[in-house]
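Remarks on the structure that follows.
Computed from a predicted structure; not experimentally measured. Numbers restart at 1 for each chain; the letters A, B, ... are given by sequence-line order, proteins then strands.
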Amino acid sequence: MNPPNLDELLEGIEDPRERDRLRRMHDLLVATGPPPELSPALVGAPDAPADEDERPDTSWMPPRRLGAALLIGAGLLGAAFGVGYIAGQDGSDSRPAAAPPEQPASVVALRPSDQNNTAGASIRLGRKRADGNWPMVVTVRGLDHLVRGDYYALVLTRKGKPAVTCGTFNVAQEGTTTFRMIAAYDLDRFEGWAITEWDAQTRSERVVMSEAA
Amino acid sequence: MSVLSYSDISDGELITRVGSGDRSAFDALYRRYARPVFGLALRRLGDRGRAEDAVQETFASVWRAAGSYKPERGPGAPWLYAVARNAIVDNGRARREPPVDAPDEVAGDEGPAERAESGWIAWRVHRALAELPENERQVIELAYWGGRSQSEIADLLGIPLGTVKTRTRTGLSRLAAVLEDVL
């Protein structure tokens, strides 16, 4: 990411001390980098426990593990829609199949940013639930398995750029990977979907697939 | 009491109130520091999932330990930073499964002292950014991390180019004032 043109910013500031001060602040901002966007599990302020005398603990926070447990529970109940629909279409996925109780409300296809890449993904988006969550089943093929703290993220985009993260994932060494996710955002506020790859070593993110690509 | 009424309260006062069981103060503290804590955890752990866990552990620790905070020993931000750092270190230690590969921590070649220093400075920068007026914070984030030129920001926000420059400079100046000791 290119930092702003400091000379342009400092145009009109005559005082050399002020120019130096702003230049040092500029350098510090560039060196520090942006604060990360909070993931959905952390965005909401924690609810207070019902018991006035009770100290809060992590159980009332929006924990990742609780989310995972809820997802597993939802899967066991078959409340959303199953991976079977997708697995049934793609023999390379060995996950157990189950007939989807509900057809997806829409299907979004993602294409690789690199035209020479044969990767692809589909998002089968369910209907918005009463609790405000959008269930989805994501199938990804052709991406590399990531190591060393790198990960993929499914994101919603605005003005062609990643705006919020729905969740992170990795993929199998080869073939197709299918998983469930939930988006808690108002999808109408965003323009599209994309998959990004986070490089932990360079602390950089790049879009590897998107709707528009 | 509304959360909004806590916006002018210092970190130390908020922690003191949390120590006396004030959940609204805790809520305000969470809103104020969730992002800096997450940023610190992500820098140290290099993994979003583990960083999320560390954030939750940090605030659970804050709730439990806020009663031990002594305002006379120093402001609240360093105290909270120490709690966060401990939670992050514990999170790193607690991970039982061996890493698939040698973990490439984001701090690169920095030693512990440098990492502590850069972590603390980044913490303060992010905290200071969060405190900027919205219109200044917005142009700074777009300029530094949104990849937008000043002209593009003006178009995007529908404001004159001169206003974008003024807001950016004013924002930088405010940040420099808060962070004067580390510049």
Problem set entry | side-chain contact (heavy atoms from CB on, under 4.5 Å) between B:Leu172 and A:Leu29, intermediate numbers included | CA-CA 9 Å; B:Leu172 280 179; A:Leu29 273 179; 3.5 Å; yes
Measuring from [X]:[atom1] to [Y]:[atom2], what's the distance to the nearest 0.5 Å?
| X | Y | atom1 | atom2 | result |
| --- | --- | --- | --- | --- |
| A:Glu8 | B:Thr168 | CD | OG1 | 9.5 Å |
| A:Trp198 | B:Leu42 | CH2 | CG | 6.0 Å |
| B:Arg174 | A:Met25 | CZ | CE | 13.5 Å |
| B:Trp123 | A:Thr32 | CH2 | OG1 | 14.5 Å |

Exercise. With a 4.5 Å limit on heavy-atom distance, are the side chains of B:Arg148 and A:Lys161 in contact?
Worked result: yes
Output a table of donor-acceptor pairs, distance under 3.5 Å, between side-chain atoms of residues 127-134 of chain B and any protein atom two or more places apart or on a different chain; print 'none' if there are none.
unit_1, atom_1, unit_2, atom_2, d
B:Arg127, NE, B:Tyr33, OH, 3.1
B:Arg127, NH1, B:Glu131, OE2, 2.8
B:Arg127, NH2, B:Asp11, OD1, 3.3
B:Glu134, OE1, B:Arg137, NH2, 2.4
B:Glu134, OE2, B:Arg137, NH2, 3.2

Exercise. Can you tell me if B:Arg48 uses its side chain to pair, donor with acceptor, with the backbone of A:Tyr151 under 3.5 Å?
Worked result: no
Problem set entry | Partner set under side-chain contact (heavy atoms from CB on, under 4.5 Å) for A:Glu18, not counting sequence neighbours | A:Ile13, A:Asp15, A:Arg21, A:Leu22, B:Ser173
With a 4.5 angstrom heavy-atom cut-off, which part of [X] approaches chain A: side chain, backbone, both or neither?
| X | result |
| --- | --- |
| B:Leu40 | neither |
| B:Leu179 | side chain |
| B:Ile153 | neither |
| B:Glu180 | neither |

Seminar exercise, completed: Heavy-atom nearest pair, A:Pro4 first then B:Ala143, reads CD-O, 3.4 Å
Seminar exercise, completed: Applying a strict 4.5 Å limit to non-hydrogen atoms, the region of A:Leu9 in contact with chain B is both
